[in-house]
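These notes concern the structure reproduced below.
Heads up: numbering here begins at 1 and tracks the sequence.
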Amino acid sequence: ATALLPEVRWTLTKMVRLFWLAVSPLPQGASSYAARGRTHRRTHLIALCVLALLATLCATVAPNAYAAKKPPSRVKLVSVIAATESSLTLTWARTKRTKSYEIDMATNFDLVGRTTRKIPATSAARMTYTITGLTTGQTYCFSIRGKRGKNYGKRSHRTCKPTVVDRGAATGAAYRVLTYNVCAAACKHDPRAVSWKTRSNLATSLILAQSPDVIALQEHPHNLSPLLTNTLSSAYAATSYVSAKDLLYRKSRFNLVRTDWIEMSTGKYAVWAELADTANQNKRTIFVSVHLTSGKSAVADAKRAAETSRLLNEIERINSNNVPVVYAGDFNSNKSRPDDAPADRFRAAGYYDSYDLAARLTKPNWNSASDFSEAPSAPRDSYTWGDHVDRVFVRPGSSYITSWSSPAVMVGNKYDGPMPSDHKPVVVSLWVNFAGSS
């Protein structure tokens, strides 16, 4: 009883006293009436005491027994926040009533043939666990559930991530590349979007906070004022411009060698620039700002496939010195599409999404296409992996991707408002290896 609440202990003490009175002999001088009814009175009183005692114990023990049987809460969003050629690091929020976790893993989304790893729960707000011994370049899918005694919580949604196909080395030159669809004029009539003047200031602050070396902009028409190329301070210079595509570089880091644009299909363009790194013996890299056809239909996907092929062929034609190339932009396609045509074409040419090559990832499941919403609002996320249409493609091995992130101005875990665009920028920190270029 000492472990019970004071009110319960008081009730039990009273019940014991009443029980003792019930079974003790009648006092001397009791009336013949009382003596005659003694057996009946004591039996009745004993029964009442036992019932009261049982009721008290049930009221106290039953909730505890119920709590012991209640399963752990469901594991929510599981993210992969780090990767190497042979390991993946998972993170998820700690769940209630959980003593341990079971991590199911397989090389397919349906988790057929899965293996299970069991790890103890900790008191930390987030759980983090690294799985090693994995195959290079292989995609793995995971689902996690909590356990307490014999009770299991519901399994999490499945999340998937490939190990790095070729990590490369942190040698050469380190750059930060930012790609951002600012939706300047295209969102002008969206009732959820504030004026471009306000949004341009917000976009400028967001970009400058990332301190990029190269900025690839999409949906940034030059007939709409103010221009980000003017508000991004005197630290950046612009290259060629065409059809709302801009490409800017940090003047203290690069000299412009040459620049031009490519028409990939009717009305769809890419801007490119070859930049010489003044801090690395004027070694050159070609950077590209891309915007492909939108739409989720098979026809749109086929058009994106043709545009990507055209882009790759043209860049290969102009790249006679075989310098490294970094493609950044809004590709209007993501890993969850039935056919991710741009990624397929890039991979055939030896290029991979930096999302799949990054050593570290920040909030990878929050989609880069965030849509406008009434702030503060929760981010749009995808459980399997982030459905990012804004991407940066590089050659694995010749580039080492230090980090991948898609930043936004936040209030806790919600977007702050007003929002600068219906997209978030994607920022990639990478090392470019100049071996083989001339």
Side-chain angles (χ1 to χ4, degrees), residues 71-148 150-167 334-338 340 343 347 352-368 378-388 391 396 401 403-406 413:
S73 57
R74 184 177 189 176
V75 175
K76 296 183 179 178
L77 181 66
V78 179
S79 297
V80 178
I81 57 171
T84 68
E85 293 101 324
S86 60
S87 69
L88 295 170
T89 299
L90 307 173
T91 186
W92 63 95
R94 178 168 57 95
T95 54
K96 297 178 181 179
R97 301 178 298 279
T98 302
K99 295 297 184 182
S100 62
Y101 293 95
E102 291 189 352
I103 304 173
D104 291 335
M105 178 184 74
T107 57
N108 59 84
F109 183 76
D110 294 326
L111 298 179
V112 176
R114 65 177 178 255
T115 59
T116 302
R117 301 186 181 213
K118 301 179 181 180
I119 63 171
T122 69
S123 59
R126 295 195 66 83
M127 292 290 300
T128 301
Y129 184 71
T130 299
I131 299 177
T132 59
L134 304 180
T135 302
T136 299
Q138 174 66 58
T139 296
Y140 293 87
C141 296
F142 305 91
S143 180
I144 302 175
R145 65 176 176 175
K147 184 181 180 183
R148 184 188 185 195
K150 296 182 179 180
N151 298 313
Y152 292 90
K154 292 182 178 180
R155 298 184 189 276
S156 69
H157 291 280
R158 288 159 286 187
T159 192
C160 302
K161 182 74 171 63
T163 53
V164 177
V165 66
D166 190 346
R167 186 168 185 163
N334 59 57
K335 293 167 68 73
S336 293
R337 297 283 177 85
D340 187 6
R347 185 166 297 192
Y352 281 66
D353 192 338
S354 58
Y355 176 89
D356 292 334
L357 302 174
R360 300 191 311 274
L361 301 101
T362 302
K363 294 181 172 60
N365 296 80
W366 289 10
N367 299 347
S368 67
R380 295 177 62 190
D381 54 39
S382 298
Y383 290 104
T384 307
W385 32 47
D387 290 342
H388 308 295
R391 307 161 88 169
I401 307 300
S403 65
W404 178 101
S405 65
S406 187
N413 285 324

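Between the side chain of Ser143 and the backbone N or O of Asp104, no donor-acceptor pair lies under 3.5 Å. In this structure a side-chain-to-backbone donor-acceptor pair under 3.5 Å is missing from Thr139 to Lys161. Under the 3.5 Å distance criterion, the side-chain polar atoms of Ser382 are left unmatched by any main-chain donor or acceptor of Asn365. In this structure a side-chain-to-backbone donor-acceptor pair under 3.5 Å is present from Asn108 to Asp110. Judged by distance alone, the side chain of Arg74 and the main-chain N or O of Arg155 form a donor-acceptor pair under 3.5 Å.
One distance of note links CZ of Arg117 with CE of Met105; it measures 4.5 Å at 0.5 Å rounding. Here Ser156 contributes atom OG and Lys76 contributes atom NZ; the two are 12.5 Å apart, rounded to the nearest 0.5 Å.
For residues 106-144, the set of pairs meeting the disulfide (SG to SG under 2.5 Å) definition, not counting sequence neighbours, comprises Cys141-Cys160. Residue pairs meeting the side-chain hydrogen bond (donor to acceptor under 3.5 Å, both in side chains) criterion with at least one partner in residues 85-95, sequence neighbours excluded, are Thr84-Ser87, Thr89-Thr130, Thr91-Arg126, Thr95-Thr98, Thr95-Tyr101.
The salt bridge (Lys or Arg N to Asp or Glu O under 4.0 Å) search around Lys335 returns Asp356, not counting sequence neighbours. The side chain to side chain donor-acceptor pair (under 3.5 Å) search around Thr128 returns none, not counting sequence neighbours. Looking at residues two or more places apart in sequence or on another chain, you find a side-chain contact (heavy atoms from CB on, under 4.5 Å) between Arg360 and Thr402, Ser403. Thr362 is linked by a side-chain contact (heavy atoms from CB on, under 4.5 Å) to Ser405, counting only residues two or more places apart in sequence or in another chain.
Closest approach of His388 and Pro364 over heavy atoms only: NE2-O, 2.7 Å. Smallest separation of non-hydrogen atoms from Ser354 and Ile401: O-CG2, 3.9 Å. Shown here for Thr135 and Thr163, the closest heavy-atom pair between the two residues is O-OG1, 2.6 Å. In terms of heavy-atom proximity, Arg97 sits nearest to Pro72 at O-CG, 3.3 Å.
Ion pairing between Arg391 and Asp340 holds under the 4.0 Å rule for side-chain N and carboxylate O.
Ring pair Tyr355/Trp404 is perpendicular by interplanar angle, where above 60° counts as perpendicular and below 30° as parallel.
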CA sep, side-chain torsions, deciding dist, call: Leu90, Val80, side chain to side chain contact (heavy atoms under 4.5 Å, CB included): CA-CA 5 Å; Leu90 307 173; Val80 178; 3.5 Å; yes
- request: Applying side chain to side chain contact (heavy atoms under 4.5 Å, CB included), run through Phe142 and Leu88 and close with a yes or a no.
  value: CA-CA 11 Å; Phe142 305 91; Leu88 295 170; 3.9 Å; yes
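Between Asp387 and Trp385, the closest side-chain pair of non-hydrogen atoms falls below 4.5 Å. Two residues are said to be in side-chain contact when any heavy atoms from C-beta on lie closer than 4.5 Å; Met127 and Val75 fail this criterion.
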